[in-house]
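Step one of this worksheet: look at the structure below.
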Amino acid sequence: MNIEVLPLPAFDDNYIWLIRKGRDAVVVDPGDAAPVQACLQAQGLTLRAILITHHHGDHVGGLKDLLAAHPVPVFGPAGEHIAAVTVPVDDGDTGILPGLELPFRVIGVPGHTRGHIAYVTTAADVEPPWLFCGDTLFASGCGRLFEGTPAEMLDSLDRLAALDPATRVCCAHEYTLSNIAFALACEPDNPDLIAWREQALALRARGLPTVPTTIGHELQLNPFLRTHLPEVRRQLADTLAQPAPDRLAAFALMRDWKNHFKPKTID
Ligand SMILES: [Zn+2]
């Protein structure tokens with residue numbers, strides 16, 4: 001199946017993901033209608049459906065204008081109140097993207113918001129799979145806990161980390177460089193992280209996205225997926241002078257530290 005997936009930049013650092021097959025397209029988290037309309041027009045595409053991961057304005061703000069021009073089905077989290085959602089879906093649900101005939105599965109990933117969901121493609125002939133995970137897993141980082149607990153978010157990240165390592169991770173923000181600065185504070189000697197920093201800097205210098213990343217790549221260097229490693233917990237405990245005896249304690253400390261982290265050097 002000839003599927004193309006591209007990030008449409010929106011606002012300061014959002015990505016609205018557009019999935020296309022031939023002349024048919026589906027978009028994920030259209031916080032703003034304008035970049036979607038521009039892309040549909042420029043490429044002569046027909047919008048067939050919209051996917052929503054969670055209720056935040058920078059993910060749903062474009063729904064009204066898009067739906068006025070394209071009355072398409074809107075898939076969204078059953079556990080959140082989003083008026084425009086016509087197909088509520090929840091953890092374990094499966095579906096097929098209209099127009100693209102692309103099958104997907106829904107993964108419940110509470111933490112950033114209470115009802116946050118992710119979508120992963122399941123077509124045997126679309127390899128590796130594509131994951132649309134909103135504000136849960138970012139390249140080299142993870143979302144803030146606005147509504148959920150550290151335990152919920154850790155469990156959600158575990159579910160994403162268990163996907164095929166080749167799965168392409170389409171997150172909703174370009175936060176990679178600041179996430180890498182924090183990741184280096186957690187793991188200053190991680191060679192994969194040091195190499196990735198150079199690659200990411202080069203991409204951003206050319207104005208290119210650092211995403212999609214992959215699950216396998218994140219497992220190597222995303223500190224929020226690495227709290228099972230004793231050396232990561234030890235470094236964290238030493239740096240913060242607080243105990244991090246287990247994964248959950250370490251994850252909670254790390255997430256809290258990130259909330260007020262200021263990198264020492266600005267790139
Ligand atoms: Zn959000």
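For ligands, and for the atoms within them, numbers begin at 1 and follow the listed sequence. All residue numbers refer to positions in the sequence shown, counting from 1. Just so you know, these numbers use all the heavy atoms, side chains as well, and skip hydrogens, waters and symmetry mates.
Of all N, O or S atoms in H54, the one lying closest to the Zn ion (ligand 1) is NE2. The N, O or S atom of H112 with the smallest distance to the Zn ion (ligand 1) is NE2. Between the Zn ion (ligand 1) and the N, O or S atoms of D135, the shortest distance is to OD2. Restricting H56 to its N, O or S atoms, the one at the least distance from the Zn ion (ligand 1) is ND1.
The shortest side-chain heavy-atom distance between M254 and P223 falls under the 4.5 Å cut-off.
By the 30° and 60° cut-offs, the orientation of the rings of W130 relative to F132 is parallel.
The distance between the ring centers of F75 and Y119 does not fall below 6.0 angstrom.
Between the side chains of R255 and N259, at least one donor N or O lies within less than 3.5 Å of an accepting N or O.
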